There are 2 protein chains.
Amino acid sequence: MRYPASETAEKHERILQTASRLFRRNGFSGVSVGEIMRATGLTHGPFYNHFASKEALMSESMEHASRGSIGAVEKAGESAEDLLAHIDEYVSTKHRDEPEQGCLLASLATEVSREPAVKPALTQHVSTSFSHLAKVWRRSSKKVARREAIHALSSMVGAMVLARAVDDPELSDEILANMREALRQSIQGTVAKRG
Amino acid sequence: MRYPASETAEKHERILQTASRLFRRNGFSGVSVGEIMRATGLTHGPFYNHFASKEALMSESMEHASRGSIGAVEKAGESAEDLLAHIDEYVSTKHRDEPEQGCLLASLATEVSREPAVKPALTQHVSTSFSHLAKVWRRSSKKVARREAIHALSSMVGAMVLARAVDDPELSDEILANMREALRQSIQGTVAKRG
DNA sequence: TGTACATCAGTGAACGCGCGTTCACTGATGTAC
DNA sequence: TGTACATCAGTGAACGCGCGTTCACTGATGTAC
């Protein structure tokens, strides 16, 4: 049957929202189209009224998640204090235990490296993140600022990936606590100096 | 038909070898049992003479890959020079482009975080790696040594994950080059001091 | 304003496919005598 | 040393299952007159 036109866009949005959460929790290959539609409260058939394929949804949901989180990264780039606050949130047990609303790089980057269709969306997100974060080192040279931004973001992603993959809760907590401390030291050291 | 007993152990080893390469290249869910057996030169039936399940193979192949690579990590822990040499190999375009013989953390850690059966093997690998790498900071306190080891390994893994996920070759190269430089700076700074 | 009809998002059964896994069977090897 | 037979890794057809995707159909909505 036909439905009010106004609902279509809203449903599209809800599918994206659900997909981006489920993908971050279980990975692209760990979630079926049917599951996403069921979780959205629809049957699986009309999926193809909204998206050309699962691959297309993967890419769009990545853009959706990026739009939803890039604001926090921008804020983190405003000052060393903002960056340190962002790091404390990012490199936390809460973020480790709740991937579905967390960083898309930590949950999906490895799978994206095997899914060419999703790479452009992720590349955009990474590139923008570096630019935002580099602003923290505005008193240093562009070269140093960029290097430190890359170092910081890579460390955060790597620490989260390892903390989630490890079985031993103590080791996992230790990875996060040490990384927060290491980043704090590193940032306080580099932001102060001129490059 | 029955085959010489001597061949059985050798075939088991070959399956592990093939699996650990294919898993690192395409991920656990990106490789089927049939593909692994075919690549090993066997039919898929006898797989279950060697392994209880695909999950069991995933775990054993992780241990196999760990055994094959932990020596390089041990070597890296011998001195700051050895660590820097290891970093130059690890954070390289060659390693980025050849995941099948590369670091299992960079290729598989995210998937392992959703595969409880494989976590113990990976945890062991991570734990041992930290211990080996921490030796580089033998003149610092245990606490600082461990923190720097965690920082270094997480950065390396994170940089590799991002470099592989990104579409733009220039950005990817830039991530690697900057991370090598950032790690060099960081290690030269911290190894020199006492903690 | 009321009526007739075209639209098209949603429905849900069905498709082909590849997956992990099972199993009755084969036959060279290894062993008992 | 020679023969008879039990062993068991390898064979390959077959299994049930869930996947991504398709499609003939439905019927309330929006539109033409």
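Residue numbers begin at 1 in each chain, while the letters A, B, ... track the order of the sequences. In this text, all values refer to a predicted model and were calculated from it rather than measured experimentally.
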Quiz item: Roughly, in whole Å, what's the span from NE2 in A/H50 to P in D/dT21?
Solution: 15 Å

Quiz item: Please give, in whole Å, the distance from C/dA9 P to A/E10 CD?
Solution: 15 Å

Quiz item: Looking at A/R96 and A/D173, does any basic side-chain N land under 4.0 Å from a carboxylate oxygen?
Solution: yes

Quiz item: What integer distance in Å separates B/F47:CZ from D/dG12:P?
Solution: 18 Å

Quiz prompt | Whole angstrom value for the distance that separates C1' of C/dA9 from CE of A/M37 | solution = 10 Å

Quiz prompt | Nucleotide D/dG18, atom P - distance to NZ of A/K54 in whole Å | solution = 15 Å

Quiz item: Is there a donor N/O on one and an acceptor N/O on the other, under 3.5 Å, for the side chain of A/H44 and the base of C/dA13?
Solution: yes

Quiz item: Going through the distances and angles, do B/I70 and B/S129 end up as a side chain to side chain contact (heavy atoms under 4.5 Å, CB included)?
Solution: CA-CA 7 Å; B/I70 202 69; B/S129 295; 3.7 Å; yes

Quiz item: Rounded to the Å, how far apart are B/Y48 OH and C/dA24 P?
Solution: 17 Å

Self-check item: Pair assignment for DNA chain C - dot-bracket with | for other-strand partners, Watson-Crick or G-U under 3.5 Å
Solution: .||||||||||||||||||||||||||||||||

Quiz item: Does a side-chain N or O from B/S32 land closer than 4.0 Å to OP1 or OP2 of C/dG18, or not?
Solution: no

Practice problem: In sequence, state the C-alpha distance, the side-chain angles, and the governing distance for A/K119 and A/E115, and then conclude on salt bridge (Lys or Arg N to Asp or Glu O under 4.0 Å). | Solution: CA-CA 7 Å; A/K119 285 186 153 194; A/E115 289 286 352; over 6 Å; no

Quiz item: Between atom CZ in A/R38 and atom P in C/dT11, what is the gap in whole Å?
Solution: 14 Å

Self-check item: Donor-acceptor contact present, side-chain A/S20 to main-chain A/Q17, <3.5 Å
Solution: yes

Quiz item: Taking only side-chain nitrogens and oxygens of B/H12, does any of them come within less than 4.0 Å of OP1 or OP2 of D/dA9?
Solution: no

Quiz prompt | A/S29 side chain to A/E111 side chain, donor-acceptor N/O pair below 3.5 angstrom | solution = yes

Quiz item: Does A/D88 come within less than 4.0 Å of A/R184, counting only side-chain N to carboxylate O?
Solution: yes

Self-check item: Interatomic distance, A/N49 CG vs C/dT11 P [rounded to whole Å]
Solution: 10 Å

Quiz item: Nearest nucleotide by nearest heavy atom, which residue falls closer to the 5' end of DNA chain D, A/P46 or A/E35?
Solution: A/E35

Self-check item: Modelled atom types, side-chain donor and acceptor of B/E55 and B/S59, under 3.5 Å
Solution: no

Quiz prompt | Side-chain N or O of B/T43 closer than 4.0 Å to phosphate OP1/OP2 of D/dT11 | solution = yes

